[in-house]
Amino acid sequence: MNQENASWFRRGIHNGTPIALGYFAVSFTLGIAAKNAGLTAWQGAFASVTTVASAGEFAGFHVIAAGASYVEMAMMMLVINARYLLMSCSLSQKLDPDLPFFHRLIVSWGITDEIFGVAVSVPDKLNPWYHYGMMAIALPGWTLGTFIGVAVGNILPQNMVSALSVGLYGMFLAIIIPPTRKNKVIAGLVAISMLASFAMAKLPVVSGISSGMRTIVLTIVIAGAAAVLFPVKEEQNA
């Protein structure tokens, strides 16, 4: 590693530290979900270090707990994590065209919402070592939080574990409330999603479908309808 790359790497660690702290708190609640799905601390940590996606992992643990098939798991991960394909395409435009493929591969693996937001704001070209610096501090925070969440869940009484599981709902409320307050369309879609999910769980014909498959169907249908009916103008993406 030359001097310039080392400087970018240290800068990435510095700017990734707040991300790591936030990840630790969030992934702790995911660890509780992993414990409830029957995973060990090491299995939960392995899921975190390979998936690196809060919504994806939560859905994955839900699918595991429901005893769904590998096909349903693959479809769920593809649908929920599809946004990372767009992030990768966007971030690739900031990389040097001559950058070796293995660098691109590692960068793409370490893309999360927060890391992408920081990396994409770098002026001009993105040095991959800046991205690696953020990954080096943020991903261990994410993985360690999951590990400790499972471990604590195995030690604490079941009633306390159930109480801590409420933190997952708080995490998702913290994700959806800010955009719903700013955008009435998003607020309406969130309400429709909740009502549709409840209806599919209760209606005689569709309630027999596994919860994982119901989530996949609802995600595709509602997100697809929203994209057609309420397209985002390019000026809003600038």
Side-chain angles (χ1 to χ4, degrees), residues 23-85 112-113 142-177 180 189-226:
Y23 280 179
F24 180 85
V26 172
S27 61
F28 181 87
T29 59
L30 282 174
I32 298 295
K35 189 267 178 187
N36 291 337
L39 274 67
T40 67
W42 289 108
Q43 289 170 334
F46 183 75
S48 278
V49 77
T50 52
T51 308
V52 199
S54 57
E57 283 184 52
F58 175 73
F61 295 150
H62 180 69
V63 170
I64 293 172
S69 66
Y70 289 124
V71 174
E72 289 180 337
M73 173 70 79
M75 292 179 63
M76 177 73 74
M77 293 298 102
L78 178 62
V79 171
I80 292 182
N81 295 325
R83 70 186 187 278
Y84 294 120
L85 298 176
T112 66
D113 296 342
W142 182 258
T143 305
L144 182 62
T146 306
F147 182 92
I148 294 178
V150 178
V152 170
N154 288 328
I155 297 173
L156 296 177
Q158 185 59 41
N159 58 345
M160 292 189 66
V161 173
S162 299
L164 287 172
S165 298
V166 177
L168 282 169
Y169 299 100
M171 177 187 72
F172 280 99
L173 287 175
I175 292 174
I176 65 174
I177 287 178
T180 55
L189 291 172
V190 169
I192 291 172
S193 300
M194 291 180 177
L195 292 173
S197 179
F198 178 78
M200 287 193 71
K202 298 298 182 181
L203 292 176
V205 178
V206 293
S207 60
I209 303 174
S210 69
S211 59
M213 185 58 68
R214 291 200 303 267
T215 302
I216 292 172
V217 171
L218 286 174
T219 301
I220 294 175
V221 172
I222 296 176

Distance check, rounded to the nearest 0.5 Å: [X] atom [atom1] versus [Y] atom [atom2]?
{"X": "Leu144", "Y": "Ser27", "atom1": "CG", "atom2": "OG", "result": "7.5 Å"}
{"X": "Phe147", "Y": "Thr40", "atom1": "CZ", "atom2": "OG1", "result": "8.5 Å"}
{"X": "Ile32", "Y": "Thr146", "atom1": "CD1", "atom2": "OG1", "result": "10.5 Å"}

Show the nearest heavy-atom pair for residues [X] and [Y], with the distance to one decimal.
{"X": "Met77", "Y": "Gly56", "value": "CE-O, 2.9 Å"}
{"X": "Ala196", "Y": "Ile222", "value": "CB-CD1, 4.4 Å"}
{"X": "Tyr84", "Y": "Val52", "value": "OH-O, 4.2 Å"}
{"X": "Thr143", "Y": "Ala45", "value": "CG2-O, 3.5 Å"}
{"X": "Ser48", "Y": "Glu57", "value": "OG-OE1, 2.8 Å"}
{"X": "Ala226", "Y": "Leu189", "value": "CB-CD1, 3.5 Å"}

Residues in side chain to side chain donor-acceptor pair (under 3.5 Å) contact with Thr112, at least two apart in sequence or another chain
Tyr23

Evaluate Leu39 against Phe46 for side-chain contact (heavy atoms from CB on, under 4.5 Å), listing each step before the verdict.
CA-CA 10 Å; Leu39 274 67; Phe46 183 75; over 6 Å; no

Once ring-ring contact (aromatic ring centres under 6.0 Å, His included) is applied, do any residues pair with Phe61, and if so which ones, sequence neighbours excluded?
none

Trp142 vs Phe24, test: ring-ring contact (aromatic ring centres under 6.0 Å, His included). Steps then yes/no.
CA-CA 5 Å; Trp142 182 258; Phe24 180 85; over 10 Å; no

Excluding sequence neighbours, so at least two apart, what forms side-chain contact (heavy atoms from CB on, under 4.5 Å) with Ser197?
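Applying side-chain contact (heavy atoms from CB on, under 4.5 Å) to Ser197 gives Leu218.
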
